[in-house]
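Inspection log for the structure reproduced underneath, given as structure tokens.
Nothing here was measured: the structure is a model prediction, and the numbers come from that model.
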There are 2 protein chains.
Amino acid sequence: MKKLPVTGSDVKQPNRITISNIAELAGVSKATASLVLNGKGDEYRVSEETQQRILLIAEEHRYQPSFHARALRSSRSHTIGLVLPFLTQFTHASLARELESLFRNVGIQIIIACSDEDPEQERVVVNNLLQRQVDGLIVISSNTSDEAYSKIHSYVPVVQLGRQIGDSSLPLIMTDATAATANLIQVLATQYPDEVYYFGGEPGLTPSKQRLEGYALGLQRANVSPRAEWIRQRNYFSYSGYDMMEEVCNELGRSPKALFTASFSLLEGVLQYLNQNPQMQQGLHLASFDDHELLDFMPLRIDSIAQDYTALAFNAFSALMALMEDKPLSAPVTQNIPARIRWRHPESRRLSKLLATDLLPQ
Amino acid sequence: MKKLPVTGSDVKQPNRITISNIAELAGVSKATASLVLNGKGDEYRVSEETQQRILLIAEEHRYQPSFHARALRSSRSHTIGLVLPFLTQFTHASLARELESLFRNVGIQIIIACSDEDPEQERVVVNNLLQRQVDGLIVISSNTSDEAYSKIHSYVPVVQLGRQIGDSSLPLIMTDATAATANLIQVLATQYPDEVYYFGGEPGLTPSKQRLEGYALGLQRANVSPRAEWIRQRNYFSYSGYDMMEEVCNELGRSPKALFTASFSLLEGVLQYLNQNPQMQQGLHLASFDDHELLDFMPLRIDSIAQDYTALAFNAFSALMALMEDKPLSAPVTQNIPARIRWRHPESRRLSKLLATDLLPQ
DNA sequence: CTGAAAGCGCTAACAT
DNA sequence: ATGTTAGCGCTTTCAG
């Protein structure tokens with residue numbers, strides 16, 4: 001049977017029980033009910049008997065406090081925003097998944113907003129999130145300036161994940177791309193000292209810089225002097241990978257001997273080109289930043305760098321939680337999470353072991 | 001003990017402008033300001049001059065109405081919930097992406113909640129969403145009973161996406177898996193009439209039923225009588241694909257001649273097994289429900305069925321919007337979206353063309 | 001044409 | 001030990 005609330009029209013929320021209802025049914029005031037339901041019954045010395053009565057009634061009626069009323073009252077929404085470029089990119093989906101679960105466990109909802117790698121759209125969605133009074137923000141930003149975020153950070157904590165925004169000093173969790181890339185490139189360059197190409201995305205983004213830096217470092221360690229024409233940078237869309245590959249193959253009249261793509265999306269573009277031009281697969285050694293399970297089944301052996309999503313997500317989670325609770329950050333504001341290299345070329349693997357014992361610093 | 005600022009202090013929201021502030025600055029009442037800011041100025045014949053003044057001030061101060069206050073007042077949150085098993089599965093990420101963009105364009109936020117394919121967790125997250133007063137729900141459910149959802153649907157519209165929950169009569173948008181699977185299997189069975197294996201996930205889920213039904217239909221059209229040992233069903237986790245493959249290969253002492261996996265995750269498991277047991281790749285013809293770009297670059301040619309994410313998302317969006325606006329649904333409550341088969345075996349492609357003209361019904 | 005006031009559901013300071 | 005009350009920010013009658 002339907003029990004209709006007394007006050008007002010109930011057209012919109014046929015079976016929503018409010019704290020007033022509970023209080024009324026229990027024969028107490030809203031305040032008492034509120035205290036008990038928030039576990040402050042003992043603190044305020046509400047009699048055991050009353051507490052039980054209230055809790056029972058709430059239970060029976062499946063009482064659920066209204067989120068918006070609470071949020072309005074306390075100006076905390078128990079919601080955080082996650083801004084990322086594309087949900088369909090495995091890297092971002094993985095991070096989102098880990099974060100979703102971490103935050104859910106502590107009663108915080110995460111709202112995911114996609115920027116489509118577009119700074120303007122990013123502005124729009126961030127605005128949207130702020131309007132919803134998110135209590136914190138984790139951003140995988142497509143911006144090169146942190147002006148907006150610095151301002152935001154003064155009243156809503158912001159954590160940068162995966163990418164540094166310009167030279168922002170906001171807390172930052174990212175993969176130590178430089179180290180991993182350098183190691184990988186050193187091994188590549190040792191095998192192909194006369195030709196190691198590099199395809200990158202937006203040069204302005206920090207990950208791009210780090211990966212390029214790692215590339216340079218790797219060449220240097222292998223005593224290979226870089227050539228300008230080896231390095232191409234566009235953006236991270238896969239068609240750029242396709243285009244750069246086409247360009248280079250046309251220039252050379254063959255495929256490059258060794259090629260490192262700075263992201264999985266670029267690799268996909270390259271693979272698409274290779275699929276359409278199978279003869280170019282000859283004598284090509286591929287390597288890439290970012291890993292994917294399916295690479296294990298590819299005809300081409302592709303060495304890859306696997307980011308540690310679990311650690312990245314966990315550190316971002318911890319940092320944001322600390323900030324939201326006004327605790328000082330226990331960890332440094334910039335954290336570099338090491339990545340793992342998945343060697344798929346036997347020769348690469350062999351060399352990597354040699355280098356690890358002989359040559360590689362650290 | 002937490003110390004909360006006294007009322008009126010703006011410690012927490014240093015630069016939040018309320019409608020009262022705007023009203024005060026403009027020398028009008030809250031009511032007038034509200035009307036104007038909601039575009040009802042003309043309707044209520046507020047003088048042009050006042051309107052301009054209010055709008056200008058709001059603009060200057062970057063006035064943003066409080067989301068939660070609005071939601072509380074109107075009991076509409078302009079938020080919908082999307083429940084899905086795993087964000088990291090390409091299918092679900094694709095749907096989420098499309099939906100996110102569709103809803104954002106009409107000012108509705110979507111909150112993604114993952115059930116991890118676990119009915120109990122699904123219950124928890126749905127509860128969470130309801131507590132936030134979502135205005136609607138799109139569910140890719142892991143449940144086999146729609147009891148809970150039918151109840152929910154009486155006050156918050158629910159749309160089923162991709163999977164039917166039991167025999168629920170709630171609006172349902174899904175891929176026409178039966179038709180596509182039947183076509184694919186018919187082609188497979190024509191090539192390998194003596195052996196066409198089927199690996200499926202949870203038998204209770206509708207997609208499983210449809211795919212299996214398509215399998216049976218395809219065999220029948222190819223005049224192949226099914227054998228019980230060809231059909232294996234576990235769940236959709238990739239390790240199940242691995243396990244079933246291991247089992248079958250052990251039984252046969254070789255790989256099956258033709259194998260259809262009912263999902264991408266299962267295919268991944270199979271591929272993992274093949275990677276560890278390369279000799280089993282011999283004489284194996286693989287096909288799968290669900291598609292992925294990388295399949296184009298696999299050493300094994302794998303025929304696959306590609307769902308139309310854009311159409312699925314759009315139809316779910318339209319259905320939910322209609323329901324939320326209390327419009328009668330213009331489209332039927334159950335919509336089957338056709339899928340496309342991506343033939344990667346030349347022989348399959350050839351046969352499919354033949355069959356399309358000669359044999360296939362419809 | 002505009003303002004006053006009520007109230008969405010909740011919490012916490014202040015009274016009993 | 002419990003109740004009263006005052007808002008959080010907003011919208012919407014209803015009176016001027």
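- Legend: residues meeting salt bridge (charged side-chain N to carboxylate O under 4.0 Å, His left out) with A:Glu120, ordered by chain and number and at least two apart, are A:Arg123.
- A donor and an acceptor atom, one from each side chain of A:Glu122 and A:Ser141, are located under 3.5 Å apart.
- In this structure, A:Tyr63 reaches the sugar-phosphate backbone alone: every heavy-atom distance under 4.0 Å involves primed, P, OP1 or OP2 atoms, never a base.
- Between the P atom of C:dC1 and the CD atom of B:Glu48 lies a distance of 11 Å, rounded to the nearest Å.
- Rounded to an integer number of Å, the gap from B:Leu72 CG to C:dA6 P is 17 Å.
- OP1 or OP2 of C:dA12 lies within a sub-4.0 Å distance of a side-chain N or O belonging to A:Lys40.
- Residues that satisfy the side chain to side chain contact (heavy atoms under 4.5 Å, CB included) test with A:Pro65, not counting sequence neighbours, are A:Tyr63, A:Arg70, B:Gln131.
- Heavy-atom distances under 4.0 Å link DNA chain D to no residue of residues 51-60 of chain A.
- Residue A:Ser66 places no side-chain N or O under 4.0 Å from the OP1 or OP2 atom of C:dC10.
- For the pair A:His68 NE2 and D:dC10 P, the computed distance is 15 Å after rounding to whole Å.
- A:Ser47 has a side-chain polar atom (N or O) that falls below the 4.0 Å cut-off from OP1 or OP2 of D:dT2.
- Not counting sequence neighbours, the partners of B:His68 by the ring-ring contact (aromatic ring centres under 6.0 Å, His included) test are A:His68.
- The NZ atom of B:Lys30 sits 13 Å away from the P atom of C:dG3 (whole-angstrom rounding).
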Verdict with reasoning, A:Gln109 to A:Thr79, per side chain to side chain donor-acceptor pair (under 3.5 Å)
CA-CA 5 Å; A:Gln109 258 294 349; A:Thr79 302; over 6 Å; no

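- Within the nucleic acid shown, A:Gly27 comes within 4.0 Å of sugar-phosphate atoms alone, with no base atom in reach, counting heavy atoms only.
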Show each protein N/O and nucleotides 14-16 of chain C N/O combination with a separation under 3.5 Å, one pair to a line.
none

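- Considering only side-chain N and O atoms, A:Thr18 lies nowhere under 4.0 angstrom from the phosphate OP1 or OP2 of C:dG9.
- Rounding to whole angstrom units, CD1 of residue A:Ile17 and C1' of C:dG9 are separated by 13 Å.
- The distance between atom CG of B:Leu35 and atom P of D:dC10, rounded to the nearest whole Å, is 14 Å.
- OP1 or OP2 of D:dT2 sits under 4.0 Å from a side-chain N or O of A:Thr50.
- Looking at B:His153, its side chain does come within 3.5 Å of a backbone N or O of B:Val158 through a donor-acceptor pair.
- Between the C1' atom of D:dT13 and the CD atom of B:Glu43 lies a distance of 13 Å, rounded to the nearest Å.
- Residue B:Thr32 places at least one side-chain N or O closer than 4.0 Å to OP1 or OP2 of C:dG3.
- For the pairing with A:Ile80, the side chain to side chain contact (heavy atoms under 4.5 Å, CB included) check across A:Leu137, A:Leu99, A:Ile138 returns one residue only, A:Ile138.
- Residues B:Ala69 and B:Ala31 each lie close to DNA chain D; by heavy-atom proximity, the contact nearer the 5' end of the strand is made by B:Ala69.
- Atom C1' of nucleotide D:dC8 and atom CD of A:Gln133 are separated by 10 Å, given to the nearest angstrom.
- Under the salt bridge (charged side-chain N to carboxylate O under 4.0 Å, His left out) criterion, A:Arg163 pairs with A:Glu117, not counting sequence neighbours.
- Applying the side chain to side chain contact (heavy atoms under 4.5 Å, CB included) test between B:Val36 and each of B:Asp42, B:Val28, B:Thr50, B:Val46 identifies B:Val46 as the sole match.
- The backbone N or O of A:Phe86 lies less than 3.5 Å from no partner atom in the side chain of A:Thr88, so there is not a single donor-acceptor pair.
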